[in-house]
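These notes are about the structure you will find just below.
Only this structure's heavy atoms are used, side chains among them; waters, hydrogens and symmetry mates stay out. For ligands, and for the atoms within them, numbers begin at 1 and follow the listed sequence. Along the sequence shown, residues are numbered consecutively beginning with 1.
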Amino acid sequence: MSRQVTAEFLLSAFGKDEFPRPEQPEFAFLGRSNVGKSTLLNTLVGQRLAFVSSTPGRTQSINFYRVDRQWVFVDLPGYGYARVSKSAREAWRGVIEAYLLDRSTLALAFLLVDARRGWMDQDVQLKQWLEHYGCPYLVVATKTDKLNQKERSLSQRAFREHYSGEIVWFSARTGQGVKEIWQTIWKTKTS
Ligand code: GDP
């Protein structure tokens, strides 16, 4: 896609009182650290966007970006670092729950899962949590270029074990899925 996308960093927030005023439809991006979330965001907007460093174990911010003057992309901190303390994990939970639970402008959350690894415990927990609280979400399987044909069909089958809804298969390398994600954003915004 050669469409020019404009993107502007709005702010980083550590809690609810720092969130921007809820005005435009928001699309949130969630996933384990290293799932390819920054790369996906950068690919969608065609520029380096997610520049805030993600040091393992540190309480991370929620980063808001205004895209094409009409949407807000919300980069939620990654989870799943092997060596974080219980308090860091709870801080993570507090930050993302503060956002997801009570954000009137949240249009859709993209739940990113590494296509090679498939569902991991925390992905499944988060998915169940989104369902429990009625947050609309779409699953994106990332880094599909790393799979060969056979692995791809095994991965597709494994994804179905925990989820029967729509999955977007995404690769920043090949561009697979970029169009579908943009179409979803357009469709969600106008529906
Ligand atoms: P984040 O921690 O979720 O933001 O993950 P990053 O976007 O930083 O990506 C983690 C690593 O995976 C980096 O080395 C990326 O280059 C790599 N990566 C991300 N997306 C893809 C992809 O679609 N294909 C391949 N082959 N590598 C990817």
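Contact annotation: for Asp145 versus ligand 1, heavy atoms closer than 4.0 Å belong to the side chain alone.
In terms of modelled atom types and a separation under 3.5 Å, the side chain of Arg66 and the main chain of Leu10 share no donor-acceptor contact.
Heavy atoms of other residues, nucleotides or ligands lying less than 6.0 angstrom from CG of Asp121 number 12 at most. In the displayed structure, Glu23 atom CD is contacted under 6.0 Å by more than 12 heavy atoms of other residues, nucleotides or ligands.
Checking Lys146, Gln176, Arg116, Lys37 against atom 3 (O) of ligand 1, the nearest heavy atom belongs to Lys37. Between the choices Thr39, Thr43, Thr142, the shortest heavy-atom distance to atom 9 (O) of ligand 1 belongs to Thr39.
Shortest non-hydrogen contact noted between Leu100 and Leu106 is CD2-CD2, 3.9 Å.
The ligand atoms of ligand 1 that sit less than 4.0 angstrom from a heavy atom of Ser171 are 23 (O).
The closest approach between Val35 and ligand 1 falls below 4.0 Å for a heavy atom of the residue.
Residues meeting the ring-ring contact (aromatic ring centres under 6.0 Å, His included) test with Tyr79, sequence neighbours left out: Trp92. Not counting sequence neighbours, the partners of Arg160 by the side chain to side chain contact (heavy atoms under 4.5 Å, CB included) test are Tyr163, Ile167.
By the 3.5 Å distance cut-off applied to N or O atoms, Arg173 is counted among the residues near ligand 1. The shortest N/O to N/O separation between Phe170 and ligand 1 does not fall below 3.5 Å. Taking distance alone, with nitrogen or oxygen atoms compared against 3.5 Å, Ser33 stays at or beyond that limit from ligand 1.
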